[in-house]
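Right, one structure below, let's go through it.
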Amino acid sequence: MLCMEDIYKAGFVLGGLSLLIFALGHLGLITPPFLIVPALLAFAVLAAIFFKSKRPSTPEQSSSRTDLPLKVAIIILIISILPLALTPPTVRDELIQHLAVPKLYLLKGRIFELKALGFSYLPQNIDLLYLIPLGLGNDIVPRLTHFLFGVLTGLLIYFYLLKEAGRSYGLLGMLLYLSTPLILNLGRTAYIDHGAALYSMLSLVAALKWKDGGDKKWLIYSAVSMGLALGAKYNTLLSLVLINAFIVFVCLKKGKVGDAVKFGTLYLIISLLILSPWLVRNYIWTGSPLYPLYESVVSATAKGEGVHVTSEMAPLAKRLVLYNEGIIDLILLPFRVFWEGADNSIERFDGVLNPLFLAFIPIAFIKRKKRYADLKYLAVFSVLFFAMAALTVDLVTRYLLPIMPVLVIISVFGIRNMFESRFKWVSAILLMAAFVFNINYEAGLYRKYTPFTYLTGQESRDDYLGRMLPDYKAVSYANKNLPPESKVFFLFAGDRGYYWDREYSYGDRMGVFFKALMSASKDDADLTARISRLKITHIFMNDAIMERFSNENYDQSDLMTLAGFFNRHTVRLYSANGFSLYEIKQAALGNQSGARRNPALLRAVKAGLYKRTGTLPTIPAIYGRGIESHVGL
């Protein structure tokens, strides 16, 4: 039977496997044999942990009549998430980063520097696990791997509450966590957030156990877990600061200044040692071990905007300026993330939590006969993490995931307080409403993604992707028709590179690079020459965004240059769903295999007689400030 320590062992096995792949990748050994053998060994160890675990020598927990229904509900919930996870990857960051970067590594058989992709310098402990199934041609297992981290976090919540509140409340905590919309939604993706949350929570729980018993084993477990958390996602740096401060505080509270220095330093050393492969690699590549994080912080601080890392504008300033929020709105942020959350909206925190947490959390602090010793530490950790996150990053619910297990535990304490009072029926109603909210959210995911049309064979993989991704038809066309040596430049295309089988340049979601090219170019011929020197053969862009950006950022002269470039130096090969693929004319003349090309057209292009009237206007069509919108730039 599983126990809490088994969750640590499982986490360490997965973390160790990731670091092994890191080493193999930098040795140029990312090939199926070198990936399969360590994966099989890790799987065997995990199987031994889960099937040969012995029950710890703790008092037997009495069963409750609610245990079986809660276990059944957890199983049903896990099964209900699987169809959503078993569909082909379609979520933004899967296609931009978490699957796209491992795919690029696999294509070269090694981990190499991707200078154009700033996020490729971030630690990738979780992403590297996805190399194994991707190397075997499967992109569904990465989603299941990420979901596994979420389930392990749920089990950790269960084991923590098992000791503090009993089995029923432990099961309730696991169910409440896994069914929360944010957790549920992430469970169907190949993201990394569940991994970061697991390791952060492992570190926090181990630190609490060290506080209670003084066993240095748990201090080491905490530090190792934190190192793996940092290797998963840098937002857990906030956890590092808080947990290390907690360790120092515990020692100082006992009057042991020497222990505070010793254990605090030991914790930092072990954590950074686990992270060190990434730090050393980045130092060798860039001269900065924390690149690109350190540069972002320094830049923001130098401009007098405080310490933040996610954009040119400080996060709270952005909410004031861009979203027209006031001081009261900022003060209410800790509450608004629960009741205003919406998917795919940064303004509304890009994720959905459960507003009924706000009813349960305060009640946990009502004085009862049974006091929970760690409650105040959990509360302080959550409050400080939220405050630090709000000041340093755009406030997105995913970035708050390390405190979600903590908030669920606090909520369960609140639920228990209510059930043990005369308001138990109120608690039952609120709890039922919370699960109805969660179920309704999951039903919405099923309506949006309709996984069974794909899983039952009614829809092919290509058809499913074509329905879910507006750019997929153009990407599919490019993969089938562009020469292997092509290099495609993404222009306002969303940077979803995973499904591309041709070399591409991430590029210009904000238009900064292309605007710089335009500014440096004397005319359309000079612009073409500059693009060609970058070895770019094709441009892939979102037509509507390009039109809006051009009209808002270029004067009449620039617009004429732009129109001249597209009219005289490119050929549109394909357009669908608002995305267009263009071939730079030199490449078109040098390659006869492209689509929508015929000898008469090529002769006209060579003679300078061809002027495309497709997506961009001809030069005479430009009037005043803008470009004619009906031509669909």
Original post:
Quick one: does Lys233's side chain get under 4.5 Å of Gln124's, heavy atoms only?
Top reply: no
**OP:** Decide yes or no on ring pair (Phe, Tyr, Trp, His ring centres under 6.0 Å) for Tyr121 and Trp278, but give the supporting numbers first.
**Re:** CA-CA 8 Å; Tyr121 294 93; Trp278 297 102; over 10 Å; no
Original post:
Got a salt bridge between Lys103 and Asp127, using NZ or NE/NH1/NH2 to carboxylate O under 4.0 Å?
Top reply: no
**OP:** May I ask you to decide if Leu114's main-chain N or O and Ser120's side chain share a donor-acceptor pair within less than 3.5 Å?
**Re:** yes
Original post:
Is there side-chain contact between Leu279 and Tyr283, with heavy atoms separated by less than 4.5 Å?
Top reply: no
Subject >> Side-chain (Asp463) to main-chain (Glu459) donor-acceptor, under 3.5 angstrom >> reply: no
Subject >> Backbone of Ser239 reached by a side-chain donor or acceptor of Ser200 within 3.5 Å >> reply: no
Original post:
Taking side chain as C-beta onward, heavy atoms only, is Ile140 less than 4.5 Å from Leu86?
Top reply: yes
**OP:** Tell me, please, which residues at least two apart from Tyr446 pass ring-ring contact (aromatic ring centres under 6.0 Å, His included).
**Re:** Phe452
Original post:
Would you say His538 and Leu573 make side-chain contact, with heavy atoms under 4.5 Å?
Top reply: yes
**OP:** Could you check Val91, Leu144, Thr87 and say which one makes a side chain to side chain contact (heavy atoms under 4.5 Å, CB included) with Arg188?
**Re:** Val91
Original post:
Should the pair Arg143-Glu94 be classified as a salt bridge under the 4.0 Å nitrogen-to-oxygen rule?
Top reply: yes
Subject >> Derivation and outcome, side chain to side chain donor-acceptor pair (under 3.5 Å), residues Asp93 and His98 >> reply: CA-CA 6 Å; Asp93 284 1; His98 303 307; 4.6 Å; no
Original post:
Taking Asp350 for the side chain and Asn344 for the main chain, is one N or O donor matched with an acceptor at less than 3.5 Å?
Top reply: yes
Subject >> Test: Arg336 and Glu325 ion pair at under 4.0 Å >> reply: yes
**OP:** Answer with yes or no whether the side chains of Tyr498 and Asp139 bring together a donor and an acceptor at under 3.5 Å.
**Re:** yes
Subject >> Note, Asn235 side chain near Val393 side chain (heavy atom, < 4.5 Å) >> reply: no
Subject >> Side-chain donor or acceptor of Asn138 paired with backbone N/O of Leu134 under 3.5 Å >> reply: no
Original post:
Any idea which heavy atoms bring Leu534 and Lys487 closest together, and the distance?
Top reply: O-NZ, 3.3 Å
Original post:
Between Trp500 and Phe540, is the ring centre distance below 6.0 Å?
Top reply: yes
Original post:
Got a salt bridge between Arg348 and Glu340, using NZ or NE/NH1/NH2 to carboxylate O under 4.0 Å?
Top reply: no
Subject >> Asn282 side chain vs Tyr291 backbone, donor-acceptor pair below 3.5 Å >> reply: yes
Original post:
Between Phe492 and Arg548, is there a cation-pi geometry (under 6.0 Å to ring centre, at most 45° from the normal)?
Top reply: no
Original post:
Are the aromatic rings of Phe489 and Tyr504 close, with centres under 6.0 Å apart?
Top reply: no
Original post:
Any donor and acceptor pair, going by atom type alone, linking the side chain of Ser521 with main-chain N or O of Asp523 inside 3.5 Å?
Top reply: no
Subject >> Inter-residue atom distance Leu491.CG - Ser505.OG, 0.5 Å rounding >> reply: 10.5 Å
Original post:
Side chains of Asn481 and Tyr574: do they bring a donor and an acceptor to under 3.5 Å?
Top reply: no
**OP:** Heavy atoms only: give me the nearest Ile111-Trp285 pair and the separation to one decimal.
**Re:** CG2-CH2, 4.2 Å
Original post:
In chain order, what residues pass the ring-ring contact (aromatic ring centres under 6.0 Å, His included) check against Tyr130, with sequence neighbours excluded?
Top reply: none
**OP:** Determine, step by step, whether Arg467 and Thr450 satisfy the side chain to side chain donor-acceptor pair (under 3.5 Å) criterion, reporting the C-alpha distance in whole Å, the side-chain angles of both residues, the deciding distance to 0.1 Å, and the verdict.
**Re:** CA-CA 11 Å; Arg467 175 167 61 86; Thr450 56; 3.0 Å; yes
Subject >> Short side-chain to backbone donor-acceptor contact, Asp394 and Val396, under 3.5 Å >> reply: no
Original post:
Is it true that a side-chain atom of Ser550 and a backbone atom of Met546 form a donor plus acceptor pair closer than 3.5 Å?
Top reply: yes
Subject >> Validation row: Arg398, Leu182 side chains within 4.5 angstrom (heavy atoms) >> reply: yes
Subject >> Main-chain N/O of Pro181 paired with Asn185 side-chain donor or acceptor, under 3.5 Å >> reply: no
